[in-house]
K.L.:
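This is the structure, below, for whatever I ask next.
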Amino acid sequence: MYHRTRIRRTRIRLVATVAAAGICALGLTACDSGDSGDTVTDKPKAKASASATAAEKPASEKPAAEKSATPDVAKVGDTIALKGLEDGNKLDVTVVKIADPAKSSDEFTTPGSGKRFVGVQFKLVNTGTAAYSDSPANGAKITDVDGQQFDSTFADITAGPSMSSAVRLKPGGKALGWIVFEVPKASKTDTVQFAMNSGMANQTGEWKLS
């Protein structure tokens with residue numbers, strides 16, 4: 001049963017990747033998100049509560065700590081606004097929680113020898129004008145303090161439901177779920193990245209984990 005599920009999910013991943021590549025091949029102007037090249041952003045959006053508080057007081061009355069209410073680097077709990085390959089493709093992406101180590105929810109799916117599962121819960125909100133359709137796990141990577149990067153893997157964990165392998169959101173729609181990575185037991189995780197269009201978008205968001 002597990003092998004059939006894995007094969008099905010692998011096919012979905014391949015189809016999503018090929019589809020994203022096809023978008024670029026058919027129309028270069030459609031793939032132009034307005035950026036001159038690939039960028040990695042770790043600047044989080046200002047939180048609504050902090051913005052409201054700042055708006056209530058004149059600049060001369062704001063204490064120093066309040067003036068820098070938005071952190072310089074995105075961490076767990078922060079949201080990053082990202083763009084996709086086509087006009088109208090936009091997401092607010094939040095790293096909600098981390099499970100490290102994460103425990104498999106069944107006895108058949110286990111990390112390889114000398115490795116462990118790490119789960120990252122993502123929340124996606126379609127802030128664009130076009131529908132969002134993708135396999136989000138394809139665009140996620142985790143990096144350790146030594147610079148080693150690891151792609152997502154197919155596993156369900158006890159922390160909660162996995163992110164769907166085929167997410168479709170209308171403008172304003174939301175998706176919440178865990179994406180799982182398999183990393184060496186000795187590795188200390190440092191950052192997690194996410195990009196739209198199965199990882200092929202020009203803009204990548206990055207969150208600090210440690």
K.L.:
Tell me, with the steps shown, if Asp156 and Ser162 meet side chain to side chain donor-acceptor pair (under 3.5 Å).
P.N.:
CA-CA 6 Å; Asp156 294 321; Ser162 296; 2.6 Å; yes

K.L.:
For Thr109, does its backbone N or O pair with a side-chain atom of Ser104 as donor and acceptor, under 3.5 Å?
P.N.:
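Yes: the side chain of Ser104 pairs with the backbone of Thr109.
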
K.L.:
Would you list the pairs meeting side-chain hydrogen bond (donor to acceptor under 3.5 Å, both in side chains) in which at least one residue belongs to residues 169-184, sequence neighbours left out?
P.N.:
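side-chain hydrogen bond (donor to acceptor under 3.5 Å, both in side chains) check on residues 169-184 returns no pairs.
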
K.L.:
Between Gln149 and Ile142, is the side chain to side chain contact (heavy atoms under 4.5 Å, CB included) condition met? List the steps.
P.N.:
CA-CA 6 Å; Gln149 284 196 329; Ile142 202 165; over 6 Å; no

K.L.:
Determine, for Lys141 against Asp151, whether the closest basic-nitrogen to carboxylate-oxygen distance falls under 4.0 angstrom.
P.N.:
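Looking at Asp151 together with Lys141, the answer is yes, because their closest N to O distance falls below 4.0 Å.
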
K.L.:
If you take all heavy atoms of Glu206 and Ile80, which pair is closest and at what distance?
P.N.:
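Result for this residue pair: O-CD1, 3.5 Å.
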
K.L.:
Testing the basics here: between Trp207 and Asp78, what is the closest heavy-atom pair and its distance to 0.1 Å?
P.N.:
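Looking at all heavy atoms of both residues, the closest pair is NE1-O, 3.1 Å.
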
K.L.:
Measure the spacing between CG of Asn202 and CG of Leu82 and express it to the nearest 0.5 Å.
P.N.:
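Here the interatomic distance stands at 11.5 Å.
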
K.L.:
Might you point out which heavy atoms bring Pro171 and Ala130 nearest each other, and give the distance in Å?
P.N.:
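The answer is CG-O, 4.0 Å.
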
K.L.:
Grouping I, L, V, M, F, W and Y whenever their side-chain heavy atoms are under 4.5 Å apart, do Ile98 and Met163 come out in a common cluster?
P.N.:
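Ile98 and Met163: one cluster.
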
K.L.:
Taking C-beta and beyond as the side chain, do Val40 and Gln193 meet within less than 4.5 Å on heavy atoms?
P.N.:
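Answer yes - side chains close enough.
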
K.L.:
Between Pro44 and Asp72, which heavy-atom pair has the shortest distance, and what is it?
P.N.:
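For Pro44 versus Asp72, the nearest heavy atoms are CD-O, 4.1 Å.
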
K.L.:
Quick one: pull up CG in Leu91 and OG1 in Thr79 and give me the separation to the nearest 0.5 Å.
P.N.:
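Atom-to-atom, Leu91:CG and Thr79:OG1 are 11.5 Å apart.
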
K.L.:
Is there a path of hydrophobic side-chain contacts, each under 4.5 Å between heavy atoms of I/L/V/M/F/W/Y residues, joining Leu169 to Met196?
P.N.:
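Yes, Met196 and Leu169 fall within the same hydrophobic cluster.
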
K.L.:
Between Asp144 and Phe150, is the side chain to side chain contact (heavy atoms under 4.5 Å, CB included) condition met? List the steps.
P.N.:
CA-CA 9 Å; Asp144 67 12; Phe150 306 95; 4.0 Å; yes

K.L.:
Is there a path from Val76 to Phe181 through hydrophobic residues (I, L, V, M, F, W, Y) whose side chains come within less than 4.5 Å of each other?
P.N.:
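As far as the 4.5 Å side-chain criterion goes, Phe181 and Val76 are connected within one cluster.
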
K.L.:
Mind checking what makes side chain to side chain donor-acceptor pair (under 3.5 Å) contact with Lys208, not counting sequence neighbours?
P.N.:
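Residues passing side chain to side chain donor-acceptor pair (under 3.5 Å) with Lys208: Asp190.
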
K.L.:
If you apply the rule side chain to side chain donor-acceptor pair (under 3.5 Å), what do you find for Asp134 with Ser198, and how did you get there?
P.N.:
CA-CA 7 Å; Asp134 199 8; Ser198 288; 2.7 Å; yes

K.L.:
Using the rule that Ile, Leu, Val, Met, Phe, Trp and Tyr join whenever any side-chain heavy atoms are under 4.5 Å apart, tell me whether Leu85 and Val167 fall into a single cluster.
P.N.:
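No: no chain of side-chain contacts under 4.5 Å links Leu85 to Val167.
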
K.L.:
For residues Val93 and Val192: do they belong to one hydrophobic cluster (side chain heavy atoms under 4.5 Å, members Ile, Leu, Val, Met, Phe, Trp, Tyr)?
P.N.:
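Linked, Val93 and Val192 end up in one cluster.
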
K.L.:
Could you grab the distance from atom CG of Asn197 to atom OG of Ser135, nearest 0.5 Å is fine?
P.N.:
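Going from CG on Asn197 over to OG on Ser135, the span is 12.0 Å.
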
K.L.:
Side chain to side chain contact (heavy atoms under 4.5 Å, CB included), that's the test. Do Leu176 and Val96 meet it? Break it down for me.
P.N.:
CA-CA 9 Å; Leu176 178 70; Val96 182; 4.1 Å; yes

K.L.:
Quick one: pull up NZ in Lys90 and OH in Tyr132 and give me the separation to the nearest 0.5 Å.
P.N.:
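Between atom NZ of Lys90 and atom OH of Tyr132 there are 16.0 Å.
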
K.L.:
Taking only distance into account, with no hydrogens and no angle test, what donor-acceptor pairs under 3.5 Å do side-chain atoms of residues 115-123 form with protein atoms, sequence neighbours excluded?
P.N.:
unit_1, atom_1, unit_2, atom_2, d
Arg116, NE, Asp100, OD1, 2.7
Arg116, NH1, Pro184, O, 2.6
Arg116, NH1, Lys185, O, 3.2
Arg116, NH1, Ser187, O, 2.9
Arg116, NH2, Asp100, OD1, 3.4
Arg116, NH2, Asp100, OD2, 3.2
Arg116, NH2, Ser187, O, 2.9

K.L.:
Does the Asp146 side chain pair with the main chain of Gln148, one donor and one acceptor, at a distance under 3.5 Å?
P.N.:
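No: the side chain of Asp146 does not pair with the backbone of Gln148.
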
K.L.:
Taking all non-hydrogen atoms of both residues, which atom of Ala131 and which atom of Asn89 are closest, and how far apart?
P.N.:
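Between these two residues, the closest heavy atoms are O-ND2, 3.8 Å.
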
K.L.:
Specify the closest pair of heavy atoms between Ala201 and Lys83, including all atoms of both residues, with the distance to one decimal.
P.N.:
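Shortest heavy-atom contact: CB-O, 3.8 Å.
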
K.L.:
Can a donor-acceptor pair be found, under 3.5 Å and without considering hydrogens, that links the side chain of Ser152 to the backbone of Ala137?
P.N.:
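Yes: the side chain of Ser152 pairs with the backbone of Ala137.
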
K.L.:
Sub-3.5 Å donor-acceptor pair from the side chain of Ser164 to the main-chain atoms of Ala166, do we have one?
P.N.:
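Indeed, once roles are kept as given, a pair shorter than 3.5 Å links the two residues.
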
